[in-house]
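See structure below.
Along the sequence shown, residues are numbered consecutively beginning with 1. All values derive from a computational prediction rather than experimental measurement.
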Amino acid sequence: MYDTPLILKFDDIDAGMLPLVGGKAANLGVLTTAGLPVPPGLCVTTEAYRRVTEQAGLEEVLDALAVTAAGETRAPHELAGRARELVLSAPVPADIADAVRRSAHGPVAVRSSATAEDLPHASFAGQQDTYLNVIGADAVLDAVRRCWASLWSDRAVAYRAANGIDHRAVLAAVVIQEMVQSEVAGVMFTANPVTGRRREAVIDASPGLGEAVVSGAVNPDHFVVDTATGRITERRLGDKRLAVRSLPGGGVEHIETGMEGACVTDAQIRALAELGGRVEDHYGSPQDTEWAVDADGALWLTQSRPITTLFPIPRHARPAGAASAVAGAGRRTDRAVHLRPGGHGEPGGSGPAGGEPGGARIYFSFSVAQGIYPPITPMGMSAFRLLSSSAAALLGAPVADRLDGAPQFAEAAGRMFIDVTGMMRSRVGRVGLPRVLDVMEARSATVLRGLFDDPRFSVTQRSVRPALRRLVKNAIRFRIPARAAQALLKPEKAHRRAERLGVRLRTQLAAPAGATALERLDHVERILGTRAVPLLPTVLPGPLAGFAMLGLAYRLLGDRARPGELQTVLRGLPHNVTTEMDLALWHLATRIRADREAASLLLGTPAAELADRFGDGTLPGVVDRGLKEFLAVYGVRAVAEIDLGVPRWSEDPTHVIGVLANYLRLEDPALSPDALFARGAAEAVLMIKSLSARAGGVRGRIVRFALSRARALAGVRELPKFFMVTILAAMRAELVTIGTGLTTRGLLDSSQDIFFLTMEEVRTALTTAPGKTALGESAPAAPEASTPTSSSQSTPAAPGESAPAVSGGSAPAIPGGGTPAAPGDAAPPYLATLLVLVSERREDAARERRRRHLPRVLLSDGTEPEAVATSAPVEGALTGTPASAGSVTGIARVVLDPVGAHLEPGEILICPSTDPGWTPLFLTAGGLVMEMGGANSHGAVVAREYGIPAVVGVARATEHIVTGQRITLDGTSGMVITA
């Protein structure tokens with residue numbers, strides 16, 4: 001009647017059986033077939049659990065959990081308890097009970113093995129139950145039932161909810177494994193989970209069974225071993241006062257011990273590290289293992305799962321082309337065990353240099369520096385590869401294939417990194433890069449300076465001539481000195497020129513109206529790959545001249561200027577496109593406030609509903625007209641706007657409408673943004689007069705001129721990014737049009753899905769006729785979901801490899817582009833699975849958005865330097881970089897995502913980072929604390945302009961400070977007092 005097996009031995013289990021045996025059993029099966037020392041055992045499959053519970057009444061519990069609000073605790077607790085009762089009381093069919101009883105031979109360990117367990121992104125460590133030294137058939141059956149019920153422990157239910165795992169999709173298998181009566185046991189990580197360093201085994205050991213170490217009940221011996229050499233680099237002995245031992249009749253006991261000295265020998269430590277290296281090599285990724293040594297000295301491996309907390313090492317190689325990328329789609333069974341490229345896995349291993357040529361590398365997180373915490377879409381990453389290629393060409397180092405990006409471009413976990421090894425090993429770069437980061441991302445600058453003494457990154461390029469030649473060449477090419485001088489002499493002329501450039505830019509970005517999809521894609525690649533980056537040097541001379549004048553004034557004033565006074569000069573800066581945007585939104589709120597009915601509507605209606613009404617044209621006239629005017633200018637912006645895959649405000653104005661509602665709640669005229677801005681500008685003017693008077697004479701006149709020009713020109717610093725965002729928004733519109741055509745062909749579910757593909761994959765889809773592959777051959781058969789995939793199938797293309805050439809000529813055009821399929825023709829199988837690929841990438845992105853910690857700097861051996869060097873904060877205070885002078889005491893409001901965030905007037909905003917999408921919140925903030933940024937980062941600049949105190953670069957501020965806490969922020973000293 002039933003064809004699905006109830007019992008499988010480890011020898012019969014492979015990685016493709018995850019839905020049948022769960023994560024733990026799948027891993028034990030893989031290790032067993034690899035010849036590693038795993039105690040024999042078997043698995044009671046998920047078929048047994050399914051048959052036992054299908055009549056247990058769990059549907060009602062599952063329905064209730066599905067509608068339980070996020071963050072609620074009481075209801076999930078009650079529902080989990082109900083589910084456990086139902087599972088434990090469910091009758092076990094005779095054939096299942098007999099199969100389990102027959103598996104009980106001698107003392108065994110009975111462990112849960114859920115289908116959502118021991119995965120690359122969620123270990124579920126300790127979430128379900130384990131029963132040790134179980135003896136007798138009835139005892140084994142009872143332990144199996146309790147393992148089934150532990151799928152519904154409070155902690156397991158909460159863990160699944162936190163990781164976005166559907167309760168309905170999880171089934172429980174159970175491992176029954178021969179019990180190792182260990183003399184000593186413990187846990188071994190094959191990479192350092194604290195520092196991230198790969199090939200560094202971290203071992204905890206204690207006498208007796210490993211449960212004492214796993215549960216945290218004992219202070220174990222701790223060892224760190226260099227896996228490559230076997231050298232023990234750290235040795236810390238614990239007191240080992242507790243041991244877990246098996247009882248003769250079954251079960252275990254906890255006994256007091258008092259062992260002196262190490263519980264394992266150096267030879268055993270090295271043998272463990274060697275075993276860990278073998279396990280990691282087999283999986284191609286670092287592993288969290290459990291081990292035991294029996295009375296005969298035999299070493300056993302009792303469990304292995306991926307280390308889920310490690311940040312993957314950045315790689316230059318772009319994802320494989322569409323044909324090979326999609327060929328690997330639809331195989332989630334194996335991909336859950338053999339890890340994904342660009343996600344948590346590291347195909348190809350991770351040697352001392354992280355697999356990178358030329359020794360150890362330093363990767364700087366461009367995503368973090370830009371305040372972008374969420375993962376960037378695949379299309380957004382493709383766009384940045386093109387932009388980096390253009391930048392490389394500008395610096396005299398053109399790349400062979402623009403789609404590859406510059407050699408320094410790398411990505412990991414959907415985040416952008418830059419390989420700065422060359423700069424750090426250059427005399428010029430070592431001086432210049434940290435100084436640039438001082439005013440952009442100060443904590444990263446500190447981390448990089450901490451690597452100066454590392455012999456792996458010693459200076460090898462001492463001559464300044466190559467850098468100087470490139471600088472002079474580009475300065476002449478873009479007429480930077482002449483334009484900077486012109487800006488200093490006639491700032492208004494420079495502003496008018498920038499305005500004309502912006503108008504011309506908006507009119508020249510769209511592809512011709514009748515362009516085919518391929519022509520639109522060519523247009524996108526051409527703009528991003530050759531034309532966008534060279535635009536920036538034409539705008540930069542003005543703000544560069546402005547900040548040069550600020551630097552001149554600083555030198556002339558010396559100690560005549562007190563801390564924070566020069567920052568005051570930058571308050572209320574004119575010509576800042578971001579400030580102008582925020583004030584435009586404030587003025588719109590002022591107009592809406594005058595219409596009582598419109599104001600009431602905005603204050604009493606959810607922003608998402610108002611956005612829908614705006615799309616339908618049913619909002620009150622003052623709101624509708626005002627929003628259209630605002631979006632006509634600033635609709636190209638968004639939160640995380642440098643990602644081409646993120647919808648613009650013109651597409652979804654929900655965030656803008658929510659900010660308008662927040663502005664309507666501001667009643668005190670003295671706190672209105674325009675009043676604060678005007679007051680800041682007036683303070684700046686007075687400060688210039690005061691500072692020039694202190695300098696006196698000719699020096700004073702030069703100071704006055706320099707600071708006046710700084711105010712006239714420094715605000716333009718935001719314009720290059722605004723132009724770049726304008727370009728990205730226009731290219732996004734072109735891609736949406738292409739996506740519409742692919743949707744019409746049935747290759748995508750919606751036009752937005754195109755942003756989960758790469759440029760290369762889109763081109764392949766557009767140039768492939770039904771029934772043919774990209775190379776003109778017959779399409780391969782669609783992959784079966786149960787087919788195992790080797791780790792090599794998931795490995796990205798090597799750096800420098802190009803995509804397969806596509807034959808010339810354009811496909812016949814259809815509306816929105818693409819090749820029309822004849823009626824009844826099926827799409828090529830690998831094109832049809834584009835839908836699967838997009839779905840998997842959406843899931844990966846959703847999972848990555850839950851990642852809380854991102855490294856600023858990462859080495860190619862996985863080490864996060866900041867994790868190694870971080871020291872505890874000063875007692876009672878958090879320290880960072882002073883960004884905007886002044887002091888304020890108020891209530892903290894921790895905000896991780898600005899969309900929908902509400903900030904009461906005067907509250908101190910605590911956030912990870914900011915981009916222009918955050919800045920409307922600044923208008924009602926009393927102060928600002930950021931985890932990232934430097935004194936001249938975006939958030940710091942806007943905070944100064946609005947005159948609110950700010951401290952940036954405060955490590956883990958969103959963890960140390962909680963909403964509602966009263967804190968004092970000193971923006972002059974860089975101190976945040978939390979006690």
Side-chain angles (χ1 to χ4, degrees), residues 499 502-503 505-507 509-510 576-641 643-644 646-667 672-674 677 718 721-723 725-730 732-733 736 751-752 895 897-903 905 914-925 942 946:
E499 289 173 5
V503 172
L505 180 67
R506 286 176 176 265
T507 59
L509 285 176
N576 185 314
V577 65
T578 302
T579 303
E580 292 169 350
M581 175 189 76
D582 295 342
L583 290 175
L585 200 57
W586 167 255
H587 292 314
L588 174 56
T590 303
R591 296 200 302 272
I592 293 172
R593 183 182 283 111
D595 186 322
R596 183 172 299 178
E597 182 179 348
S600 177
L601 177 68
L602 259 66
L603 288 170
T605 309
E609 182 180 332
L610 292 170
D612 289 339
R613 290 188 57 176
F614 176 66
D616 296 337
T618 59
L619 286 178
V622 65
V623 181
D624 185 74
R625 289 191 302 273
L627 275 176
K628 287 177 179 176
E629 292 170 1
F630 178 84
L631 295 174
V633 180
Y634 302 109
V636 297
R637 309 216 79 153
V639 176
E641 62 192 1
D643 182 358
L644 183 145
V646 171
R648 310 290 111 174
W649 286 343
S650 57
E651 300 172 67
D652 180 7
T654 302
H655 176 56
V656 173
I657 293 172
V659 173
L660 278 173
N662 278 348
Y663 285 174
L664 291 173
R665 296 185 177 95
L666 184 59
E667 299 291 344
S672 67
D674 51 354
F677 186 82
E718 292 287 303
K721 183 175 183 180
F722 182 70
F723 283 168
V725 169
T726 301
I727 292 171
L728 290 176
R732 175 180 166 83
V736 168
S751 60
Q752 300 295 313
V895 178
D897 185 344
V899 178
H902 173 63
L903 202 68
T914 63
D915 64 14
W918 284 78
T919 56
L921 293 175
F922 291 14
L923 295 176
T924 55
V942 177
Y946 291 164

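Closest non-hydrogen pair, Ala901 versus Val895, comes out as CB-CG1, 3.7 Å. The two residues Leu666 and Arg593 have their closest heavy-atom pair at O-NH2, 3.0 Å. Counting all heavy atoms, side chain and backbone alike, Leu921 lies closest to Pro898 at CD1-CB, 3.9 Å. Between Ala661 and Leu603, the shortest heavy-atom distance links the atoms O-CD2, 3.6 Å. Among all heavy-atom pairs drawn from Val899 and Val639, the shortest one is CG2-CG2, 4.3 Å. Leu602 and Leu660 make their closest contact through CD2-CB, 4.0 Å (heavy atoms, listed as atom of the first residue, atom of the second, distance).
The distance from atom CG of Leu728 to atom CZ of Arg732, rounded to the nearest 0.5 Å, is 10.5 Å. Between atom CG of residue Asp624 and atom CD of residue Glu629 there is a gap of 10.0 Å, rounded to the nearest 0.5 Å. Here the CG-CZ distance, from Leu619 to Arg625, works out to 11.5 Å after rounding to the nearest 0.5 Å.
Applying the ring pair (Phe, Tyr, Trp, His ring centres under 6.0 Å) test to residues at least two apart or on different chains, the pairs with a partner in residues 591-632 are Phe630-Tyr634. Under the ring pair (Phe, Tyr, Trp, His ring centres under 6.0 Å) criterion, the residue pairs touching residues 581-601 are Trp586-Tyr663, with sequence neighbours excluded.
When side chains are defined from C-beta on, Thr578 counts as touching Arg637, because their heavy atoms get closer than 4.5 Å. Considering only heavy atoms from C-beta on, Asn662 stays 4.5 Å or farther from Leu903 through its side chain. A 4.5 Å side-chain heavy-atom check between Glu651 and Gln752 finds at least one atom pair inside the cut-off. Arg613 has its side chain within reach of Leu601: a pair of non-hydrogen atoms, C-beta onward, lies under 4.5 Å apart. Considering only heavy atoms from C-beta on, Leu627 comes within 4.5 Å of Ile657 through its side chain. Here the side chains of Pro673 and Asp582 are not in contact, with every heavy-atom distance at 4.5 Å or above.
Remark: the backbone N or O of Val633 is paired with a side-chain donor or acceptor of Arg506 at under 3.5 angstrom. Under a 3.5 Å cut-off, the side chain of Arg596 and the backbone N or O of Ala594 do not form any donor-acceptor pair.
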Checklist line | Residues Arg591, Asp595; criterion salt bridge (charged side-chain N to carboxylate O under 4.0 Å, His left out); working and verdict | finding: CA-CA 7 Å; Arg591 296 200 302 272; Asp595 186 322; over 6 Å; no
